[in-house]
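Reading through the structure tokens given below for one structure.
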There are 2 protein chains.
Amino acid sequence: MARERQAPKFRRAPPSIRREALIEATLASLRKHGHEGLSVRRIGAEAGVSPGLINHHFPSVWTLVAAAYETLSMSLLESIQRRARESDASPRERLRRFYQASFAPALLDPGLFNTWLVFWSMTSHHAQVRAVHDRTYAAYREALESLLGELRRGDGVPRFKPRPAAIALSALLDGLWIEASINPRTFRPAEAVALCEDWTSALCAGAFPSLLAARRSPRPRSPPRC
Amino acid sequence: MARERQAPKFRRAPPSIRREALIEATLASLRKHGHEGLSVRRIGAEAGVSPGLINHHFPSVWTLVAAAYETLSMSLLESIQRRARESDASPRERLRRFYQASFAPALLDPGLFNTWLVFWSMTSHHAQVRAVHDRTYAAYREALESLLGELRRGDGVPRFKPRPAAIALSALLDGLWIEASINPRTFRPAEAVALCEDWTSALCAGAFPSLLAARRSPRPRSPPRC
DNA sequence: CGCGCTGCTATACGGTCGTACAACAACAGC
DNA sequence: GCTGTTGTTGTACGACCGTATAGCAGCGCG
């Protein structure tokens with residue numbers, strides 16, 4: 001009997017390719033199983049690979065998770081930015097598209113939210129993950145800051161402080177995203193977009209007193225009227 | 001030799017007392033160890049009790065965690081409410097105190113944030129925990145809605161819609177609280193309070209278009225001016 | 001075709017996990 | 001003081017965890 005050519009039991013891959021595949025498998029495992037998915041056995045199974053291979057390519061699981069965190073957050077930010085900046089549009093319109101992209105169905109997936117929770121819960125105990133958070137949050141805030149900066153150059157828009165404005169806007173976006181992810185029935189995505197739009201309108205109307213840049217000749221801050 | 005009276009090896013307690021003690025131990029364990037603290041052994045050690053006792057008083061760990069979630073969130077809300085409503089103050093002042101209490105050092109503890117992450121990560125998979133979230137988030141939102149309702153009765157304050165306003169405000173508060181908990185160096189607590197105060201000012205100034213209640217005779221909504 | 005480099009697998013080990021269950025002991029009632 | 005109830009302990013079990021390590025095998029290269 002002629003010896004059949006056996007299908008190879010596994011395929012070799014150059015380290016960079018394998019590392020990327022493991023990162024993707026990590027994201028898939030976390031998305032499916034949440035915190036339970038954070039194990040070399042689950043990730044290995046997801047990647048169709050033996051558990052020991054993770055430790056062969058990454059010094060520890062934390063390094064892999066940090067890489068996955070960076071990959072996912074940068075990918076999401078880039079995706080949202082692309083939708084916000086596609087075609088020429090006014091700064092205000094770009095912000096609106098940013099909001100819409102932030103509350104698109106793909107972003108409101110419960111699996112995505114659970115993945116994010118795992119990343120957040122690791123920032124306290126692992127410096128690498130914390131570093132990734134600091135870096136990606138800064139990138140996110142700077143993206144908003146850039147869009148707000150373009151808005152500020154428009155006619156009749158007051159000279160607000162971009163950085164605190166971006167912080168407030170990102171907090172509003174995050175808070176809405178979280179609640180929508182936990183309980184989609186609290187409000188509809190369109191309502192979230194409307195609330196962000198309102199915030200932008202108020203910003204343009206100069207309705208946020210402490211966000212207005214300090215005047216050359218400071219005048220005493222007036223107390224709230226209500 | 002006279003027989004010495006031995007100190008009892010353990011103390012019995014009526015079920016209600018023991019259950020409460022186990023809830024407190026659960027909160028302490030989660031605060032100290034985050035997700036790792038969610039184990040009958042850790043909780044039992046924290047309560048000075050054998051691991052098996054948890055399963056004797058609670059049908060499963062999820063029931064215990066749901067009870068701890070409810071206890072903690074209601075306790076925090078009550079604490080913030082007490083500070084907001086102590087002594088007579090204007091509605092605006094009460095809101096300011098609510099903000100200040102929300103960003104007090106006790107609320108910005110990393111252990112508290114990690115505890116919250118555990119609760120959130122369980123809402124997807126366990127109906128009991130999800131029910132607690134829905135109930136306590138509703139209570140939180142209604143507290144804000146009540147404070148905003150008092151504000152709305154003031155002179156010169158436009159007739160905004162209380163419910164969406166409370167949703168937006170709670171999102172802003174949550175988003176700021178999360179980022180302050182993850183990375184305290186992004187902004188100072190006073191800045192977070194100022195951003196919330198700004199939001200309130202804008203609300204009073206009628207700067208949130210879609211939050212204004214529909215008119216008796218609706219007029220076409222004007223497009224954004226910037 | 002055959003050799004060798006190395007990506008990869010398979011196994012073993014010590015640890016922690018949740019749960020079940022039998023035995024123990026605190027304490028109230030008699 | 002004795003006894004019964006039952007809150008509580010201690011142990012045992014199987015499953016899964018991360019890591020280390022020895023050896024197998026895919027595949028480029030001569």
Side-chain angles (χ1 to χ4, degrees), chain A residues 2-23 25-26 29-30 32-68 118 121-122 125-126 128-129, chain B residues 2-23 25-26 29-30 32-68 118 121-122 125-126 128-129:
Chain A
R3 269 190 64 197
E4 299 287 338
R5 169 164 296 278
Q6 306 279 355
K9 291 184 179 176
F10 60 91
R11 290 186 161 277
R12 313 188 108 190
S16 64
I17 302 293
R18 184 64 77 189
R19 285 172 56 95
E20 194 175 355
L22 288 176
I23 288 174
T26 303
S29 180
L30 289 179
K32 287 180 188 171
H33 309 110
H35 205 282
E36 316 280 324
L38 194 63
S39 107
V40 288
R41 283 173 169 81
R42 301 244 193 187
I43 296 173
E46 185 70 37
V49 133
S50 82
L53 198 60
I54 277 92
N55 282 329
H56 185 264
H57 284 284
F58 292 89
S60 86
V61 187
W62 318 124
T63 312
L64 171 57
V65 173
V118 174
S121 67
M122 291 179 62
H125 302 304
H126 298 280
Q128 295 187 61
V129 183
Chain B
R3 269 187 65 197
E4 299 286 338
R5 170 165 293 280
Q6 306 278 357
K9 289 183 179 177
F10 60 89
R11 291 186 159 278
R12 312 186 108 190
S16 64
I17 301 292
R18 184 66 77 191
R19 284 172 57 96
E20 193 175 355
L22 288 176
I23 289 174
T26 302
S29 181
L30 289 178
K32 286 180 188 171
H33 310 109
H35 205 281
E36 316 280 324
L38 195 62
S39 108
V40 289
R41 283 173 170 81
R42 301 244 194 190
I43 296 173
E46 185 70 38
V49 135
S50 84
L53 198 59
I54 277 91
N55 281 332
H56 184 265
H57 283 285
F58 292 89
S60 87
V61 188
W62 318 123
T63 312
L64 172 57
V65 173
V118 174
S121 67
M122 291 178 63
H125 303 304
H126 298 280
Q128 296 186 59
V129 183

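Proteins get letters first, then strands, A, B, ... in listed order; numbering begins at 1 in each.
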query = For B:His126, which residues count as a ring-ring contact (aromatic ring centres under 6.0 Å, His included) partner, sequence neighbours excluded?
reply = B:Trp62
key: Pairwise salt bridge (charged side-chain N to carboxylate O under 4.0 Å, His left out) hits with a residue in residues 33-45 of chain B, at least two apart   = none
task = Using ring-ring contact (aromatic ring centres under 6.0 Å, His included) as the criterion, list what pairs up with B:His35, not counting sequence neighbours.
result = A:His35
ask   = B:Arg18 CZ to D:dT8 C1': how many Å, rounded?
value = 8 Å
request  = Search all heavy atoms of B:Ile23 against all heavy atoms of B:Ala67 and return the closest pair with its distance.
outcome  = CD1-CB, 3.7 Å
message = If the condition is side chain to side chain contact (heavy atoms under 4.5 Å, CB included), which residues does A:Thr63 pass it with, not counting sequence neighbours?
response = A:Phe58, A:Pro59, A:Ser60, A:Gln128
request  = May I have the distance from B:Leu53 (atom CG) to C:dA22 (atom P), rounded to whole angstrom?
outcome  = 18 Å
query = Can you tell me how far C1' of D:dG18 sits from NE2 of A:His126, to the nearest Å?
reply = 13 Å
remark   = Contacts of B:Thr26 meeting side chain to side chain contact (heavy atoms under 4.5 Å, CB included) (sequence neighbours excluded), chain-then-number -> B:Leu30, B:Ile43, B:Leu64, B:Ala68
ask   = Taking CG from A:Asn55 and P from D:dG18, how many angstroms apart are they, rounded to a whole number?
value = 9 Å
request  = Rounded off to whole Å, could you give me the CD1-to-P distance for the A:Ile17 and D:dC27 pair?
outcome  = 14 Å
message = Below 4.0 angstrom, which residues in residues 33-52 of chain A have at least one non-hydrogen atom near DNA chain D?
response = A:Leu38, A:Ser39, A:Val40, A:Arg41, A:Arg42
remark   = In terms of heavy-atom contacts, B:Arg12 and B:Arg18 come closest through C-NH2, 4.3 Å
ask   = In whole Å, what is the span from the CG atom of B:Leu64 to the C1' atom of C:dG18?
value = 14 Å
query = Hey, what bend do you get for the helix from C:dC1-D:dG30 to C:dC30-D:dG1 if you fit axes on five pairs at each end, rounded to 10°?
reply = 0°
ask   = Which pairs, with at least one residue in residues 51-66 of chain A and sequence neighbours excluded, count as a salt bridge (charged side-chain N to carboxylate O under 4.0 Å, His left out)?
value = none
Polar atoms only, N or O, under 3.5 Å: list the protein pairs with nucleotides 24-27 of chain C and their distances.
from   : atom 1 : to      : atom 2 : distance (Å)
C:dA26 : OP1    : B:Lys9  : N      : 3.2
C:dA26 : N3     : B:Arg12 : NE     : 3.4
C:dA26 : N3     : B:Arg12 : NH1    : 2.8

remark   = Atom CH2 of B:Trp62 and atom C1' of C:dC17 are separated, to the nearest Å, by 11 Å
Partner set under side chain to side chain contact (heavy atoms under 4.5 Å, CB included) for B:Ala47, not counting sequence neighbours = B:Leu22, B:Ala25, B:Val49
task = Calculate the interatomic distance between A:Ile54 atom CD1 and C:dG7 atom P; express it in whole Å.
result = 15 Å
ask   = Can you list every salt bridge (charged side-chain N to carboxylate O under 4.0 Å, His left out) pair that touches residues 46-58 of chain A, not counting sequence neighbours?
value = A:Lys32-A:Glu46
ask   = Is the distance from OP1 or OP2 of D:dT8 to the nearest side-chain N or O of B:His57 less than 4.0 Å?
value = yes
